[in-house]
Student: 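Pasting in a structure now, in structure tokens, and then I'll have a few things to ask.
Ligands are counted one by one from 1 in listed order, and the atoms in each one are counted from 1 as well. A quick note: this is a predicted structure, and the numbers were derived from the prediction, not measured.
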Amino acid sequence: MENNNDNTISRRKVIYGLGATIAAALTAPVFTAQGEPTQGTPGQGAPLPLIGPTTKYPKPPFKSQSQPWPGLASQMDPKPDHGEKSYKGSGRLKGRKALITGGDSGIGRAAAIAYAREGAEVAINYLPAEEADAKKVIALIKAKSRKGIALPGDLRNEDFCKKLLADAVQGLGGLDIVVNNAGRQQARQSILDITTEDFDATMKTNIYAPFWIIKAALPHLAAGSTIIGTTSEQAYDPSADLYDYAQTKAATMNYVKSPAKQLRPKGIRVNGVAPGPIWTTLQVSGGATQKKLQKFGGDTPLGRPGQPVELASIYVQLAASDASYATGQVYGAAGGKGQP
Ligand code: NAD
Ligand code: MG
């Protein structure tokens with residue numbers, strides 16, 4: 001009996017000690033790349049830090065900088081926050097199998113990190129020149145998920161798109177989330193400066209590739225699966241120097257809304273995300289002029305560009321089965337301007 005009591009007391013001590021350690025961990029803030037706390041760990045007595053959106057991340061003026069297309073996130077200054085340190089999952093996509101194009105950097109990287117931390121297995125596509133960025137993402141996915149699959153290749157080629165889908169399905173052991181996120185944006189002051197090759201590359205990347213990918217994915221998608229497209233505020237308010245890009249983003253809105261209706265009987269939801277100005281390699285590798293880059297995001301009501309991680313929870317939400325009433329929708333995050 002006495003021994004049992006001793007055991008009870010010592011167990012209580014151990015549990016109390018553990019409790020103190022856990023409590024300390026729960027109150028420790030989590031820091032972003034910029035060193036600001038963004039998200040605490042939910043738990044009793046551990047309120048999340050409350051931070052105003054205007055002061056959360058860097059604002060202009062930014063240093064002028066340019067990289068050869070397609071650019072590397074690791075070379076940007078300041079470095080974008082893709083959620084490496086700040087995104088915490090809560091099992092919302094447990095067991096899901098996702099393919100994300102452009103998953104090496106920017107918005108796609110943020111979605112890839114978030115999906116893995118929500119319990120999904122994730123395959124990413126990117127260009128071979130982006131291997132260094134992709135390696136970092138694969139390591140972050142593997143740290144949280146059973147599978148992180150790297151599938152480099154150029155989406156402007158139909159045969160590659162077919163192979164990408166086949167490899168993703170084989171590697172993941174199925175597929176239930178497809179994120180068409182890769183995109184090409186090259187600013188040109190005049191239509192006269194856009195060559196046919198330029199125009200063709202933008203159309204192939206932003207419009208043909210999602211068409212080829214959706215076609216190849218459909219035979220594998222069961223009821224409950226989701227397709228997500230990345231459109232843009234450019235779909236609603238095109239910039240003068242983004243003639244070709246802006247029209248692909250308007251088309252993206254429609255390639256989301258049409259199949260949402262068509263695929264309703266199959267139980268496949270199709271939605272889009274419309275970001276505003278987001279601090280990514282797309283902008284520093286020809287997407288924006290140096291003049292625009294220095295003031296980037298300053299014309300939004302929040303007075304700064306968004307960071308990729310600020311879109312991650314939208315991609316999670318649209319993929320999660322508790323968003324079952326959302327199809328044919330476009331969710332925006334544009335710092336207070338733009339539509340929808
Ligand atoms: P990003 O440069 O980090 O990502 C774009 C990715 O597209 C690249 O990483 C690259 O892997 C991929 N890509 C481009 N051409 C390709 C090709 N031919 N084959 C294979 N992959 C290719 O930039 P981001 O801003 O994160 O872009 C992601 C999406 O967000 C794009 O569709 C873009 O149009 C859209 N978007 C961006 C912004 C913004 O301000 N950054 C705003 C609205 C919409
Ligand atoms: Mg990239």
Student: Does the N or O separation between Tyr126 and ligand 1 drop below 3.5 Å for any pair?
Tutor: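 Tyr126 vs ligand 1: no N/O contact under 3.5 Å.
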Student: Where's the contact between Asp154 and ligand 1, heavy-atom distance under 4.0 Å: side chain, backbone, both or neither?
Tutor: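 Under 4.0 Å from ligand 1, Asp154 contributes backbone and side-chain atoms.
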Student: For atom 8 (C) of ligand 1, grab the closest protein heavy atom and report residue, atom and distance to one decimal in Å.
Tutor: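 Protein heavy atom at minimum distance: Glu130 OE2, 3.2 Å.
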Student: Regarding ligand 1, does Thr280 bring an N or O atom to under 3.5 Å of one of the ligand's N or O atoms?
Tutor: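 Min N/O separation from ligand 1 is below 3.5 Å for Thr280.
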Student: Tyr315 and Glu118: side-chain donor and acceptor closer than 3.5 Å?
Tutor: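 Judged by distance alone, the side chains do not pair up.
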Student: Decide, counting backbone as well as side-chain atoms, whether Ser105 has an N, O or S atom less than 2.8 Å from the Mg ion (ligand 2).
Tutor: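 So Ser105 does bind the Mg ion (ligand 2) by this criterion.
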Student: What closest approach, in Å, do Asp77 and Lys63 show between heavy atoms, and which atom pair accounts for it?
Tutor: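 Smallest heavy-atom distance, with atoms named: OD2-NZ, 2.5 Å.
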Student: Once you restrict to heavy atoms under 4.0 Å, what part of Gln283 touches ligand 1? Side chain, backbone, both or neither.
Tutor: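 It is the side chain that touches ligand 1; the backbone stays farther off.
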Student: To which protein heavy atom is atom 31 (C) of ligand 1 closest, and what is the distance rounded to 0.1 Å?
Tutor: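 Nearest neighbour among protein heavy atoms for atom 31 (C) of ligand 1, to 0.1 Å: Asn181 O, 3.1 Å.
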Student: Quick one: look at Arg109 and ligand 1, take heavy-atom pairs under 4.0 Å, and tell me if it's side chain, backbone, both or neither.
Tutor: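 The answer is neither.
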Student: Side chain, backbone, both or neither: which applies to Gln234 and ligand 1 if a contact is any heavy-atom pair less than 4.0 Å apart?
Tutor: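 Neither part.
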Student: Who's the nearest protein heavy-atom neighbour of atom 38 (C) of ligand 1, and how far?
Tutor: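 Nearest protein contact, heavy atoms only, for atom 38 (C) of ligand 1 is Gly276 O, 3.9 Å.
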Student: With a heavy-atom distance limit of 4.0 Å, tell me whether Tyr245 approaches ligand 1 through its side chain, its backbone, both, or neither.
Tutor: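 For Tyr245, the contact with ligand 1 is made by the side chain alone.
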Student: Has ligand 1 got any nitrogen or oxygen that is less than 3.5 angstrom from a nitrogen or oxygen of Leu282?
Tutor: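 Yes.
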Student: Tell me which N, O or S atom of Glu130 sits nearest to the Mg ion (ligand 2).
Tutor: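 Looking only at N, O and S atoms of Glu130, the one nearest the Mg ion (ligand 2) is named OE2.
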Student: Ligand 1 and Phe296, any nitrogen or oxygen pair closer than 3.5 angstrom?
Tutor: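 No, no N or O pair falls under 3.5 Å.
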Student: Tell me which protein heavy atom sits closest to atom 13 (N) of ligand 1, plus the residue, atom name and distance to 0.1 Å.
Tutor: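 For atom 13 (N) of ligand 1, the nearest protein heavy atom comes out as Ala182 CB, 3.8 Å.
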Student: Is there side-chain contact between Ile177 and Leu99, with at least one heavy-atom pair below 4.5 Å?
Tutor: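 Not touching, per the 4.5 Å side-chain cut-off.
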Student: So which protein heavy atom does atom 3 (O) of ligand 1 come closest to, and at what separation?
Tutor: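 Minimum-distance protein heavy atom for atom 3 (O) of ligand 1 reads Ser105 OG, 2.6 Å.
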Student: Are side-chain heavy atoms of Ile141 and Val137 found at a separation under 4.5 Å?
Tutor: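 Result yes, sub-4.5 Å side-chain heavy-atom pair found.
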Student: Should Trp69 be counted as touching ligand 1, given the test is an N or O pair under 3.5 Å?
Tutor: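 Checking ligand 1 against Trp69, no N or O pair falls under 3.5 Å apart.
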Student: Would one find an N or O of Ile107, backbone or side chain, under 3.5 Å from an N or O of ligand 1?
Tutor: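 Among all N and O atoms of Ile107, at least one is under 3.5 Å from an N or O of ligand 1.
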Student: Which bit of Asp133 is near ligand 1, meaning a heavy atom under 4.0 Å away: side chain, backbone, both or neither?
Tutor: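 Neither part.
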Student: Any idea how Trp279 and Phe62 line up, ring-wise: parallel (<30°), tilted (30 to 60°), or perpendicular (>60°)?
Tutor: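 Rings of Trp279 and Phe62: parallel, under 30°.
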